[in-house]
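Worksheet: one structure, shown below.
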Amino acid sequence: MQWINAIVQGVLVGGLYALFAAGLSLIFGVMRLVNIAHGDLIVLAAFLALVVMQTLGLGALESLVVVIPLMALLGYVLQRGLLNLTLGSDILPPLLVTFGLSVIIQNGLLQVFTADSRRLNAGALEVATFNLAGIDIGVLPLVMFLAAVAVIGVLQFIFYRTALGRAFRATSDDADVARMMGLDNRHIFGLAMALSLAVVAIAGVFLAVRTNFDPASGPARLIFGFEAVIIGGLGNLWGTLAGGVILGVTQAIGAQINPGWQLLAGHLVFLLVLAFRPTGLFPRIAG
Amino acid sequence: MPEPILAVTELDAFYGDFQALFAVSVAVEPGEVLAMIGANGAGKSTFLKAVAGVIPAKREAIRFRGESIGGLSADRILKRGIALVPEGRRLFPSLSVEENLMIGGQLGRKGRWSLETVYALFPVLGERRNQASTSLSGGQQQMCAIGRALMANPDFILFDEISLGLAPVIIKDIYAALPGIVAGGAGAVIVEQDITRALSVATRVVCLQEGRVSLQGRPADLDRAAISAAYFGT
Amino acid sequence: MSAVTPDWRVERATATSRLAAVVAIVALIALAAAPAWAGRADMRLLSEIFTYLALACLWNLLAGFAGLVSVGQQAYVGFGGYMLFAFAILLGVNPLLTIPIAGILGALIAVPVAVLIFRLSGAYFAIGTWVMAEVFRLVFAQVSALGGGSGTSLPVAVVKDIAEGRDMREWIVYWAAFLLVVVVLGGTYWLLSTRRGLALAAIRDSEVASESLGVRIWRTKLMIYVVSAGATAMVGALIFLQKLRISPDAAFNVNDWTAYVIFITVIGGIGTIEGPIVGVIVFFLLRETLADLGSIYLMILGLVAIVVMLKAPRGLWGFVQDRFGIELFPVRRRIRYPLD
Ligand SMILES: Nc1ncnc2c1ncn2[C@@H]1O[C@H](COP(=O)(O)OP(=O)(O)O)[C@@H](O)[C@H]1O
Ligand SMILES: [Mg+2]
């Protein structure tokens, strides 16, 4: 029973990992940019939620109403003002600039908020559970998991069923021709980063409700998100969800055996996938 | 004599330090189809790219409908009504046939071309509208590339290597469609390797050689020897 | 600098580079004799500068020349450090001897690591290296014989193995650091002036070429990765020989062993031999003046690195070079070398 319980919790956490991953995967898909500051932006969103809750007196989930647009705006500005300058055939500039950004965000947060670890209070929702066939399921983790599924569904819809998604894909395929047809890639990339950081906002708030966080929590989130992307297969959002779930479950099983093995088990499954299925478990099917 | 719709005067074009076009002057009158011929590397694609705004040009060097458009960005030139069917088709591989067409139409110029009319022109595209553009044959891809350019409802179309790499029957189909495409518009430039074909559709021919105009005239006025001299530089 | 091959000198030496060689030799002699003129604190600072210079040089070799952008070199720094403690404490090996051992083992462990993470292309490779560093950290945190998560110190008896007297010990550690940085700098210079090194530069400069050359380039990259991992592990062993205490968090710290190193290289001039030297000087000058600012100092570093990356991608050194056409250690011609 303990095991089943651990696995269920792992599945639910996997949704959160998929949220970490989705924004990362999105911008890689559109502009081949790997954002090393992604994890730190998640933590930034968490702190932003903290401030919003304190100043506006909102609840944790309500704070999203403010945090999502703010992060999206930040994403657009960041892309147009900085990251667009780094794009080209050389992979060094985007990597090093986002790495610098990561250090700046981390230390900026440290400066403003100190190294104390925080947590967002989600009220009664936080402790509510229900029992399903003998397993206690937390309402909050379930809500998060469903939200993750919904977010990925929405992203999938945007990507494959809307004009914006079409523009994303066209620009990613051939920015020059897309430009000729009137798609300004600088603007499109800005929108992609805005969307990515909107997802980051959701991920940040959920992270902050679920666990303690501090200014140094970012890199681990980047890594979980990255592992979920690679396990699931590049360019496949549902695969990413599966990757997140696999990661979450493996970590839960590892922790069940020995608390020190939780993270290690997750990394191990990532390395196994890399060794035996380097394209991921669910590589994108053409079309 | 009517005012040319497209007037290119003394156009120079560069790739970095390399000069690809030297003072090229060409005029296209309303309703004309200009065929541009010339050996590989003569500068034909460069000419089309400069007109379409893909590579820089001096503002005054290119005039369209009496306005200087040289060096404007490609999307602004498209907004004014000039569309390019690029060499090598360059469809968006991760988009379906229909999505490729829709990207072409996304600037929203009004006109007679829409998904329906493009499908009527190339029925095979309609049959495969939801397939990946990569699943099309070469000829179908060319139709899709033409359709994508038409979706912008251009007044003036530039076709680069319209028949390159296609089977003869397909080429025939595409050329059969050409008059219908050009008829409603203000003019067209066709870059074509097959000189006979070029001469058959064109109202005027320009030959480029090493970045310079080596011959210009009406097909009827040019004999094969002159063309071949202008083409190969012998 | 002693590793300049004669034919190179004939072909490439300029008046400036000859002057640079003279200055370099004088500086080398002065630094080798530091115990005679420098105080204990100065020597510690110098040793630290040496280790950072070595790390920057090795990272530059990876990212600046082989196009392998790693943000996980702390894996090998920490690994080397832990090898020092493992061999010295558990097996009683002389601490100095553990440095080459760390190097060899670091290179060996880098082979399977590389085989795995080379499957990640370009930018994802960077994060892959970070994951590996995390794996190393978590594994060493599980080794209770080396203090587990909280770490351990080098026992006095082991420290005394280096030398009985404290002064002598400090000198030996200083000289070890000095020797290591000279070997690393000289080795990098030598490597880059060989044909293979030039081919390497071409790899970084053109992805198209690298695709068409496939396997050979993969092997060259592997060799560079493995060599720099081994050397980084040696530097790591030395760093923790200076510190005498290790813990997983200190050993595998991304800020200390990768962020600083990246900033040093980027600010000095990535892809140039002189860059890391310039960068390390700037870095320590900034640190001595701004260290009190704490996290603001790091923010400034990050900002400077971003600005440099965008405005002067070849760093301060590249800027000076373009301005004045100086070339101290002339391998930079690499860019103009064709592949074959
Ligand atoms: N992107 C480019 N960069 C540098 N040179 C180019 C580029 N494209 C074409 N060229 C050069 O410009 C000249 C004209 O090329 P192009 O216009 O493509 O010729 P054509 O279409 O007539 O075959 C050729 O010498 C070609 O090598
Ligand atoms: Mg051409």
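Note that the coordinates shown come from a computational prediction; the quantities given were computed from them, not determined experimentally. What you see below is based on every heavy atom in this structure, not just the backbone, and it leaves out hydrogens, waters and symmetry mates. Throughout, a chain's letter reflects where its sequence line sits, starting with A, and its residues are numbered from 1.
If you tally non-hydrogen atom pairs under 4.5 Å between each of C/Ile262, C/Ile300, C/Val308 and chain A, the highest count goes to C/Ile262. Ranked by heavy-atom pairs under 4.5 Å with chain A, the list C/Gly302, C/Gly149, C/Pro313 is led by C/Gly302. Ranking A/Asn258, A/Leu33, A/Leu234 against chain C, the residue ahead of the rest is A/Leu234, based on heavy-atom pairs under 4.5 Å. In terms of non-hydrogen atom pairs under 4.5 Å with chain A, the most contact-rich of C/Val307, C/Val254, C/Leu120, C/Thr258 is C/Leu120. Heavy-atom pairs under 4.5 Å with chain C were tallied for A/Pro219, A/Pro94, A/Pro215, A/Ser102; the largest tally goes to A/Pro219. Here A/Phe226 is the residue among A/Phe99, A/Trp261, A/Phe270, A/Phe226 with the most heavy-atom pairs under 4.5 Å with chain C. Listed options A/Ile105, A/Leu222, A/Thr98 were ranked by heavy-atom pairs under 4.5 angstrom with chain C; first place goes to A/Leu222.
Both the backbone and the side chain of C/Ile296 come within contact range of chain A, with heavy atoms under 4.5 Å apart. Both the backbone and the side chain of A/Leu263 come within contact range of chain C, each with at least one heavy atom under 4.5 Å from a heavy atom of that chain. With a threshold of 4.5 angstrom between heavy atoms, C/Phe263 approaches chain A through side-chain atoms but not through N, CA, C or O. With a 4.5 Å cut-off on non-hydrogen atoms, C/Leu116 touches chain A through its backbone and its side chain both. Only the side chain of C/Val266 comes within less than 4.5 Å of a heavy atom in chain A; its backbone stays farther off. Proximity to chain A (any heavy atom under 4.5 Å) is restricted, for C/Ala126, to the side chain, taken from C-beta onward. Contact annotation for A/Leu268: neither backbone nor side-chain heavy atoms come within less than 4.5 Å of a heavy atom of chain C. For chain A, the nearby parts of C/Val139 are the backbone and the side chain; heavy atoms of each come within less than 4.5 Å. Of the atoms belonging to A/Phe276, it is backbone heavy atoms, and not side-chain ones, that fall under 4.5 Å from chain C.
Counting only heavy atoms from C-beta outward, the side chains of C/Met309 and A/Leu92 approach each other to under 4.5 Å. The shortest distance between side-chain heavy atoms of A/Val103 and C/Leu301 does not fall below 4.5 Å. Counting only heavy atoms from C-beta outward, the side chains of A/Glu227 and C/Ile127 never approach each other to under 4.5 Å.
Smallest separation of non-hydrogen atoms from A/Leu82 and C/Ile306: CD1-CG2, 3.9 Å. What you find for A/Pro278 and C/Arg119 is that their closest heavy atoms are CG-NH1, 3.3 Å. Of all heavy-atom pairs between C/Ala123 and A/Ile91, the closest is N-CD1, 4.2 Å.
Between the CE atom in C/Met299 and the CD atom in A/Gln106 there is a gap of 11.5 Å [rounded to 0.5 Å].
Checking each of A/Ile36, A/Leu95, A/Leu96 against C/Val71 for a side-chain contact (heavy atoms from CB on, under 4.5 Å) leaves exactly one that passes, namely A/Ile36.
Ring pair C/Tyr124/A/Phe28 is tilted by interplanar angle, where 30° to 60° counts as tilted.
Atom CZ of C/Phe319 has 12 or fewer heavy atoms from other residues, nucleotides or ligands within 6.0 Å.
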